[in-house]
Structure formats: structure tokens, C-alpha cells
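Notes to accompany the following structure.
All ligand and atom numbering here is 1-based and tracks the order in the structure. This structure is a prediction, so every number in the text was calculated from the model and none was measured.
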Amino acid sequence: MDILVINCGSSSLKYQLLNMDNETFLARGLCERIGIDGRLKHERGTEEFVLDAPMPDHAAAIKIVLEALLSKEHGVISSLSEITAVGHRVVHGGEFFSDSVLIDDAVEKAIEACFDMAPLHNPPNLIGIHACQQNLPGVPQVAVFDTAFHQTMPKKAYLYAISHALYETHKIRRYGFHGTSHKYVSMKAAEELGRPYNEMKIITCHLGNGASVCAVDRGHSVDTSMGFTPIEGLIMGTRTGDIDVAIVTYLMEKENLSAQQVLDLFNKKSGMLGLSGVSSDFRDIFQARQDGNAYADDALEAYYYRVASYIGRYAAAMNGVDVIVFTAGLGENSALLREKVCDYLGYLGVKVNPEKNAQRGKSMDFSADGARVRTMMIPTNEELVIARDTKAIISR
Ligand code: ADP
């Protein structure tokens, strides 16, 4: 059973084709500059192929992806009928969805109803769904939401301290994101340790350009650091994370900015980029610190501190923790980051084995012998979660 996974952005579209009989990856790629000119990067095994082709819209991009999958030279299927279903990443499911769903008219309407809460993500996600319906008529389409895993959060964790009327009218509450990643790595941690998922307290740290921490108590998300939108919580590549809301009006007045300009500043020019003044990419910031840049040093120390503070908070929320998992670009690749965050956590019973922590690539438990709390690095695989959910739903 081959399942196509689609992650549609405003001018880009990522895809992956997986054989779900044995959970192997067949091909993946990325369409960029949709609506501008168009470029496809397609990978099959270790081969990579780049094609410049006009992509006036997402439907045209999907068509080119399907041609690449079918192509004699770099394709992996011989007929479109081999694609059993399509799984779509949808960022915001609001309070409508606590699980993945088969897409029908009502689901599309609900995704649309969340446009205001995720204006950069949900509209292109829906465009991707329509583009696939157009190019693959009759093939079932499934939506997998970033927010769904966190719908198990209790009220005490998701309510903001605003009036109940505002919550009810505008659905202003904490939702959380990166749900597929937190779900995948927490399950994988339990599996690798050979312990029952539904008996464990796990804290997962998804540290990429966007970043969030999640408390997974016996298989359920009970708290997470992102909120109504993905700006809350940790310091990120270009986002502030937690910040005093009064700074918004203060800056509007002092810098003569509109509300939207302040939000753009907080989303796109702050975080590690703002603090370091160097880059949003940690590799550049590590280098700058080595070269003696004091702002880069401040930025990194603030980053570690924020992550460690959230871990402490979630250990308190769950009255303990068995495993702490690091994942995504930075969490998977930076031994230094893992070490620095864990340096704060000795009181919990965290103890790192530096040699193990220095390994790269595969999942690992990098705890020292005798550590009360395990620390693991697990590469995330959001596409696999989407494909698994899609397979489960169409097999019902
Ligand atoms: P996204 O949120 O865009 O999916 P990723 O999970 O790919 O992000 O993470 C991207 C970030 O990971 C980069 O900005 C970079 O800071 C960090 N990163 C990737 N590789 C390394 C590395 N070898 N060392 C340190 N940081 C890295």
C-alpha cells in the first residue's frame, strides 16, 4: 500500500511516498517557488534530481510531482492507481479535531473555519487538498493535524486567564503544535526502552526552527509550550517565544509601528536572530560565539535556560519524568545543546554520558549508567505518523 504524504506551504509543497506494507520510504521531494516560477527537487534513494518547471499554482505543482513519481528515469511507480491514499499535514484543527480524519466537505469547512487562527498555514494546506483531489480523483484524502495530539490537554493547561466569554466567542485558548512529532518520538522512546507507553511520563523537546516542549503523561499530551499560535513558549529561530504582551503597545508607541508590524517583528526578526544579531541558524550562532561574539553567547545561554525551565515545569506538572527526548534539527544534531540543557537537570536525576551523547544519526539513549531519568535523542518522522494515520483511517 503506497501512501503519498503532502505538506503544503504558501509557495512550497513537500511530499513523500511511502510503502506502508513495510513502512519504507520510496521517494520524497520539494516544490518551491510555486506561483513565481517553479522548481522541483526530487529524491529517490540516494539519487537527487532537480527540475525547473512552471508551477503557476499548487495543482500544477502536484501534477509535476505525480509525473516525477511516474517517470521512467527517476520514478518509483508505474501507475497512479498504485497511490492508495493521500495524507495531508494540516496545521490547525482548532477544537474540531482530536484525531486524524477522512476529508469530506464538512472537514474542509472546519479547516476553513480555522483560517483566522493560522493564516499562514491553513489556507495553503486546504489548497494542497484541493490540488490532490483534482489530480487524483477518487483517491481518499486524510487530514492529520498538528494540534490534534494536544486536544487531551486539561482545561487548567489550555485556558488563558481571559474572560470565559472571550474564550467562547473567539476560541482563544492554547492549542499547541508539532503534535505529530511529539506523538512519534514519545511512542518511539517507550518502544526503544521496552516499556509500556501508557505507564510512562515523557517530556519531548522538538527543537528545530520552530520549537516546542510537550509533557506526555501515560500516552496523552497534558501540556505543551506553544499556544494559540506557534509563537508562544521557547525562544525559536526567529520567534520570541514567551514575552510580556504589554511590550506590543509599548513598541507600537515608541517605534511608531502598527500591531501587525510588531507581530511580524516578533515572528520573523526576533528569537535567536534578534538576540544574536547574526542568524536564525544555530550553526552560524555557534560559530559566532567561537569567534568571540558576546551576543551569540547571550542568545545561546538564554535558549538553553528557556528549554530547561520548561522541562522543570513539566516534570512538576506530571509529578516526575521517566524520559526526556530531544528531536528535530537542533535536538538531533547538536550534542552541545543537549549537554547544556541537561546541565540544569541534575536535580531531577538526569546524568549524561558524554561519549554516547557525541554519537550522531540514529536514535540513542545518552544517559549515564545509574541516571534516574533517561535522556534520549530520537530523529522525528512526521511523514511516517501521517502515513500511519492515513493507512489506519482508510483501512477502517
Ligand atoms: P524546521 O522547523 O524548519 O523543520 P528543522 O527541524 O529542520 O527545522 O531544524 C532546523 C534548524 O536545526 C536549523 O536552523 C539549525 O539551527 C539546526 N541545525 C541543523 N543541523 C544542525 C547542526 N549540525 N548543528 C546545530 N544545529 C543544527
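Around ligand 1 you find G208, N209, G210, D281, F282, R283, F286, A328, G329, L330, N333, R360, each with a heavy-atom distance below 4.0 Å.
Note that the CZ atom of F49 and the NE2 atom of H42 stand 7.0 Å from one another [nearest 0.5 Å].
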Please output the side-chain donor-acceptor pairs of residues 308-317 that fall under 3.5 Å, not counting sequence neighbours, one pair per line with the distance.
{"from": "S309", "atom 1": "OG", "to": "Y305", "atom 2": "O", "distance (Å)": "2.6"}
{"from": "Y310", "atom 1": "OH", "to": "D242", "atom 2": "OD1", "distance (Å)": "3.3"}
{"from": "Y310", "atom 1": "OH", "to": "D242", "atom 2": "OD2", "distance (Å)": "2.5"}
{"from": "Y314", "atom 1": "OH", "to": "T224", "atom 2": "O", "distance (Å)": "3.2"}
{"from": "Y314", "atom 1": "OH", "to": "S225", "atom 2": "N", "distance (Å)": "3.2"}

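Applying the salt bridge (charged side-chain N to carboxylate O under 4.0 Å, His left out) test to E332 and every residue at least two apart in sequence or in another chain returns nothing. Judged as a salt bridge (charged side-chain N to carboxylate O under 4.0 Å, His left out), and not counting sequence neighbours, the contacts of K171 are E95, E168.
Hydrophobic clustering (side-chain heavy atoms under 4.5 Å, transitive across Ile, Leu, Val, Met, Phe, Trp, Tyr) groups I378 together with I202.
Comment: R388 does not engage E383 in a salt bridge, judged by the lack of any side-chain N to carboxylate O separation of less than 4.0 angstrom.
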